[in-house]
Amino acid sequence: MREAQKEYFRFKNNKALVDSKRLEKAVDAEIERVKKILYEKQNPKLDLLRR
């Protein structure tokens with residue numbers, strides 16, 4: 001992702017911008033996925049119907 005950002009700022013072309021945005025979106029999605037997993041692990045749901 002950082003390399004794509006550097007390339008965009010170096011050449012200012014549209015392809016580099018699109019690539020950079022795509023990679024940044026993928027990284028952000030992965031961060032959110034991991035945050036959700038960690039939150040669920042640290043805050044387990046109680047199963048009140050289990051006997």
Side-chain angles (χ1 to χ4, degrees):
M1 180 181 85
R2 299 285 182 241
E3 287 300 317
Q5 290 172 333
K6 288 178 185 178
E7 183 177 336
Y8 170 70
F9 287 112
R10 194 171 27 236
F11 299 112
K12 302 284 188 190
N13 68 34
N14 194 46
K15 182 187 179 311
L17 177 62
V18 170
D19 288 346
S20 177
K21 293 277 188 182
R22 179 182 50 81
L23 290 168
E24 188 172 357
K25 188 174 181 177
V27 168
D28 288 345
E30 181 64 12
I31 289 169
E32 286 303 314
R33 185 185 74 81
V34 171
K35 279 183 178 180
K36 183 180 176 186
I37 290 170
L38 291 175
Y39 177 82
E40 290 172 353
K41 198 175 216 181
Q42 293 172 352
N43 300 291
K45 293 182 180 181
L46 296 176
D47 188 1
L48 299 176
L49 299 177
R50 189 184 284 182
R51 294 180 186 205

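What you see is a predicted model, and the numbers here were worked out from it, not measured in a lab.
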Test Val27 against every option in Met1, Glu32, Arg22 by the side-chain contact (heavy atoms from CB on, under 4.5 Å) rule and name the one that passes. Met1

Any Lys/Arg nitrogen of Glu7 or Arg10 sitting under 4.0 Å from an Asp/Glu carboxylate oxygen of the other? no

Atom CG of Asp19 and atom CD of Glu3: how far apart are they, to the nearest 0.5 Å? 12.5 Å

Single-linkage hydrophobic cluster, 4.5 Å side-chain cutoff, Phe9 and Leu17 together: yes

With heavy-atom distances below 4.5 Å as the criterion, would you say the side chains of Glu40 and Lys36 are in contact? yes

Just how far is it from atom OG of Ser20 to atom NZ of Lys15, taken to the nearest 0.5 Å? 11.5 Å

Could you state whether Ile31 and Leu23 fall into the same hydrophobic cluster, counting links through intermediate Ile, Leu, Val, Met, Phe, Trp or Tyr residues with side-chain heavy atoms under 4.5 angstrom apart? yes

Would one find more than 12 heavy atoms of other residues, nucleotides or ligands at under 6.0 Å from atom NZ of Lys12? yes

Would you check, one step at a time, whether the test salt bridge (charged side-chain N to carboxylate O under 4.0 Å, His left out) holds for Arg33 with Glu30? CA-CA 5 Å; Arg33 185 185 74 81; Glu30 181 64 12; 2.7 Å; yes

